[in-house]
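As a basis for the values below, the full set of heavy atoms in this structure was taken, side chains included, without hydrogen atoms, waters or symmetry mates. Reminder, nothing fancy here: chain letters follow the sequence lines and each chain counts from 1.
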Amino acid sequence: MRLFNSKTNQVETFIPIEANKVRLYVCGPTVYDEIHIGNARPVIVFDTLRRVFEALGYQVDMVSNYTDVDDRIIKKAIQENVEERVVTDRYIEAYNDVRSRLNTQPLSASPRVTETMDDIIAFIGSLITEGYAYNVNGNVYFRVLKSENYGEISKQRVEDLLMGARVEEEPEKESSLDFALWKKTETGIQWDSPWGKGRPGWHTECVVMIDHHFHGMIDIHGGGMDLKFPHHENELAQAKACLHHDLAKIWMHNGMLNIDGEKMSKSLGNVMNAKEIIDKIGANTVRWLMLSVHYRSPLNISEEIIEQAKSELQKAYSILKQVEIRYELANEIIQPIQDEAFVTQFLEAVSDDLNTPNGMKIIFDVIKVLNQDQRQKDISEEILVKHYGALKMMLNTLGIEIEPIRLTQTQRETFNQWNKAKTEKDFELADHYRKILIEAQLL
RNA sequence: GGUUCCUUAGCCAAGUGGUAAGGCAAUAGACUGCAACUCUGUGACCGUCGGUUCAAGUCCGACAGGAACCUCCA
């Protein structure tokens, strides 16, 4: 496996910390609302990465958190006059519903910030002890200028950042680059700490959760491109200061998603709710669409590209259906074997920095060959089944789930009647049966 | 304004300096009782202009256009 590392800005050969194992952490959602289609991209990308690793024989320990402490959550809780927990429970459930509908593999753990609070407070305390953080009137800040190589993930220089920094309204900070680790607060959910009542800043949670679950460095830390700065930069700075390691060997970032060439935003009114689009076009099409572009490139969603994804996927559905019905009618079970050559080509493609578009090229190749197999007079059942198995394996690696066709006794008879009518050239009757089969989506 | 990145056929898209994958759409043909599915054929002066090189979509520079981040949005 080769992966692009944002930190080194190049594709690197993946060398696991522990042989045959992958420790993977992906920044999860802030659960203040239902997720939009852009939030679904890292869900799909990193689930696919995990599936590729598993196909290569790795055991993957994958963790993703819920950020359930946030201004927007507090605001919503106040609006609804309920506790924050009511809001976060609701959207965690909605998020998990989307995850499961997108056919993602279960995670090893999904920690919440609210359940990690003791560790977060202890971690901030250690940062103060180490001299990397300071308390001013109950607000604790990270001392960015003390951190070495700050900006190495986002490729920003501290001088440039200082120059570009806005005039801050927080005069208590030593530097405008310093970020909040603990915020004094009077409204909303709050916890007791050595610095008074308050709640944690955003950047500490992931570091603490990673340490809590993995007890050391992880192989891959993932998230959206927009998290490079400041979130991941700040995570790295804290890890170096307190844990004395770089947190992750590889930092991976997926590209952003646009709608009709424009960024999704509430002001433009073009935010696509993930659940709604899954309802509309189906989870398989959503996954296929997302994976038809390399994960680091921006992805532009339009009506045209959705239709394109549907047509492409339809080719796979069509041939799988034909093979399955063939075996159903023969009352035989398709043996679970795969064509090694195709599988190897596919894995080589997707192992190259998760190049799913190249993987799809192999999928189209095997679909074509399967169609040719299917039309041959002297068909080799073994080859047909191997190609079928290879196609299923590839689709499965992309998380495309297609239930095999199972015919009822009535449907079998309809097929037989249809074929009989055709043989007897009773086309009126044949068309009658054909119509039934088309309506049952078997043709 | 600063930083990072992108620009390949009508559309989507891959591309380790050595003759430009694949798909969608379109179109012609084959298959079919007619269709559908499918198969076969048909497309690119790689944003513009310079430079390096025997050789550049691929490296360097300028320009044009676009994106992300610098504002706790994946």
Side-chain angles (χ1 to χ4, degrees), chain A residues 2 6 9 11 26-30 32-33 35-46 64 67 69-72 151 153-157 159-166 176-177 179-180 183 200-203 205 222-231 233-234 253-258 261-266 271 274 289 292-294 296-302 304-315 317-319 321-322 349 352 355-365 367-372 374-375 421-422 425-428 430-431 434 437-438 443:
Chain A
R2 288 152 47 78
S6 297
N9 230 8
V11 177
V26 182
C27 289
T30 301
Y32 70 103
D33 203 346
I35 65 166
H36 57 64
I37 191 64
N39 300 103
R41 193 170 187 194
V43 170
I44 292 170
V45 163
F46 290 102
S64 185
T67 298
V69 178
D70 177 82
D71 284 347
R72 289 161 297 180
I153 290 175
S154 53
K155 310 290 168 236
Q156 311 236 22
R157 290 180 311 169
E159 306 88 79
D160 292 331
L161 287 168
L162 283 169
M163 208 152 24
R166 297 209 166 177
S176 57
L177 297 187
F179 55 89
K183 294 169 161 180
W202 178 37
H203 309 300
E205 60 185 69
M225 208 77 92
D226 55 340
L227 294 187
K228 269 188 184 179
F229 190 90
H231 188 53
E233 207 68 74
N234 291 351
H253 298 97
N254 62 270
M256 297 291 104
L257 185 147
N258 293 333
E262 285 183 311
K263 182 179 171 169
M264 261 193 294
S265 73
K266 283 185 178 163
V271 175
L289 178 71
S292 64
V293 178
H294 190 262
R296 281 192 279 126
S297 301
L299 168 60
N300 186 36
I301 294 204
S302 64
E304 196 171 4
I305 200 180
I306 289 173
E307 288 309 313
Q308 206 165 299
K310 280 186 192 167
S311 303
E312 290 171 353
L313 208 43
Q314 199 56 47
K315 287 169 74 111
Y317 286 135
S318 174
I319 187 63
K321 192 191 290 184
Q322 284 177 51
D352 183 17
N355 198 325
T356 50
N358 276 342
M360 285 178 171
K361 191 260 181 203
I362 310 301
I363 290 182
F364 285 118
D365 285 349
I367 286 175
K368 182 173 288 185
V369 172
L370 259 176
N371 274 307
Q372 288 166 342
Q374 174 82 344
R375 296 291 165 117
K422 278 194 293 185
K425 299 203 186 295
D426 184 348
F427 297 125
E428 204 174 318
D431 285 350
R434 182 166 72 183
L437 292 171
I438 289 173
L443 280 182

Which nucleotide in G2(B), G23(B), A14(B) has an atom nearest any side-chain atom of Gln156(A):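 Looking only at side-chain atoms, Gln156(A) lies closest to G2(B).
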Distance, rounded to the nearest Å, where [X] contributes [atom1] and [N] contributes [atom2]:
{"X": "Asn254(A)", "N": "U4(B)", "atom1": "CG", "atom2": "P", "result": "21 Å"}
{"X": "Leu161(A)", "N": "U4(B)", "atom1": "CG", "atom2": "C1'", "result": "12 Å"}
{"X": "Glu205(A)", "N": "A74(B)", "atom1": "CD", "atom2": "P", "result": "11 Å"}
{"X": "Leu257(A)", "N": "C6(B)", "atom1": "CG", "atom2": "P", "result": "19 Å"}
{"X": "Asp71(A)", "N": "C73(B)", "atom1": "CG", "atom2": "C1'", "result": "14 Å"}
{"X": "His231(A)", "N": "U4(B)", "atom1": "NE2", "atom2": "P", "result": "23 Å"}
{"X": "Glu312(A)", "N": "A25(B)", "atom1": "CD", "atom2": "C1'", "result": "11 Å"}
{"X": "Asn258(A)", "N": "C12(B)", "atom1": "CG", "atom2": "P", "result": "12 Å"}

Taking a pair as Watson-Crick or G-U wobble with both distances under 3.5 Å, which nucleotide is matched to [N]?
{"N": "G10(B)", "value": "C24(B)"}
{"N": "C54(B)", "value": "G18(B)"}
{"N": "U38(B)", "value": "A30(B)"}
{"N": "C73(B)", "value": "none"}
{"N": "C5(B)", "value": "G66(B)"}
{"N": "A44(B)", "value": "none"}

Same-atom distance ([atom1]) from [N] to [M], integer angstrom:
{"N": "A28(B)", "M": "A55(B)", "atom1": "C1'", "answer": "38 Å"}
{"N": "G47(B)", "M": "A9(B)", "atom1": "P", "answer": "8 Å"}
{"N": "C45(B)", "M": "G57(B)", "atom1": "P", "answer": "13 Å"}
{"N": "C69(B)", "M": "U42(B)", "atom1": "P", "answer": "44 Å"}
{"N": "G17(B)", "M": "U38(B)", "atom1": "P", "answer": "37 Å"}
{"N": "G23(B)", "M": "U19(B)", "atom1": "C1'", "answer": "23 Å"}
{"N": "C5(B)", "M": "G61(B)", "atom1": "P", "answer": "11 Å"}
{"N": "C59(B)", "M": "U16(B)", "atom1": "C1'", "answer": "13 Å"}

side-chain contact (heavy atoms from CB on, under 4.5 Å) between Glu205(A) and Val69(A), worked out: CA-CA 10 Å; Glu205(A) 60 185 69; Val69(A) 178; 5.8 Å; no
With heavy atoms under 4.0 Å as the rule, sort [X] into base, sugar-phosphate or nothing.
{"X": "His36(A)", "value": "base"}
{"X": "Gly223(A)", "value": "sugar-phosphate"}
{"X": "Asn355(A)", "value": "sugar-phosphate"}

Taking the nucleotide of RNA chain B with the closest heavy atom to each, which residue, Arg72(A) or Phe229(A), is nearer the 5' end?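 First, find each residue's nearest nucleotide; the 5'-ward one identifies Phe229(A).
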Starting from the 5' end of RNA chain B, give me the residue, Asn358(A) or Tyr32(A), whose nearest nucleotide shows up first.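 So the residue in question is Asn358(A).
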Look at the side chain of Ser64(A) and the backbone N and O of Val26(A), then say whether any donor-acceptor pair between them is shorter than 3.5 Å.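 Judged by distance alone, yes, a pair lies under 3.5 Å.
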Quick one: are Asn358(A) and Asp352(A) in side-chain contact, heavy atoms under 4.5 Å?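 Asn358(A) does not reach Asp352(A) side chain to side chain.
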Under a 4.0 Å N-O cut-off, is there an ion pair linking Arg434(A) with Asp431(A)?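 Yes, Arg434(A) and Asp431(A) are salt-bridged.
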Under 4.0 Å protein heavy-atom contacts per nucleotide of nucleotides 29-44 of chain B, with B for base, S for backbone only and - for none: ----BBB-BBSS----
Trace of the side-chain contact (heavy atoms from CB on, under 4.5 Å) decision for Asn234(A) with Trp202(A): CA-CA 10 Å; Asn234(A) 291 351; Trp202(A) 178 37; over 6 Å; no
Starting from the C-alpha separation in whole Å, work towards a yes-or-no answer on side-chain contact (heavy atoms from CB on, under 4.5 Å) for Asp365(A) and Ile362(A). CA-CA 5 Å; Asp365(A) 285 349; Ile362(A) 310 301; 4.1 Å; yes
To the nearest 0.5 Å, what is the distance between CD on Glu233(A) and NZ on Lys228(A)?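 Going from CD on Glu233(A) over to NZ on Lys228(A), the span is 9.5 Å.
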Under-4.0 Å side-chain N/O to phosphate OP1/OP2 contact, [X] with [N]:
{"X": "Asn9(A)", "N": "C5(B)", "answer": "yes"}
{"X": "Asn300(A)", "N": "C11(B)", "answer": "no"}
{"X": "Asn39(A)", "N": "A74(B)", "answer": "yes"}

Mind checking what makes ring-ring contact (aromatic ring centres under 6.0 Å, His included) contact with His36(A), not counting sequence neighbours?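 His36(A): no ring-ring contact (aromatic ring centres under 6.0 Å, His included) contacts found.
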Listed by chain and number, what are the ring-ring contact (aromatic ring centres under 6.0 Å, His included) partners of His294(A), not counting sequence neighbours?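 Partners of His294(A) by the ring-ring contact (aromatic ring centres under 6.0 Å, His included) criterion come out as none, since no residue qualifies.
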Only one of Asn300(A), Asn39(A), Leu299(A) forms a side-chain contact (heavy atoms from CB on, under 4.5 Å) with Leu257(A), so which one is it?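 When side-chain contact (heavy atoms from CB on, under 4.5 Å) is applied between Leu257(A) and each of Asn300(A), Asn39(A), Leu299(A), only Leu299(A) qualifies.
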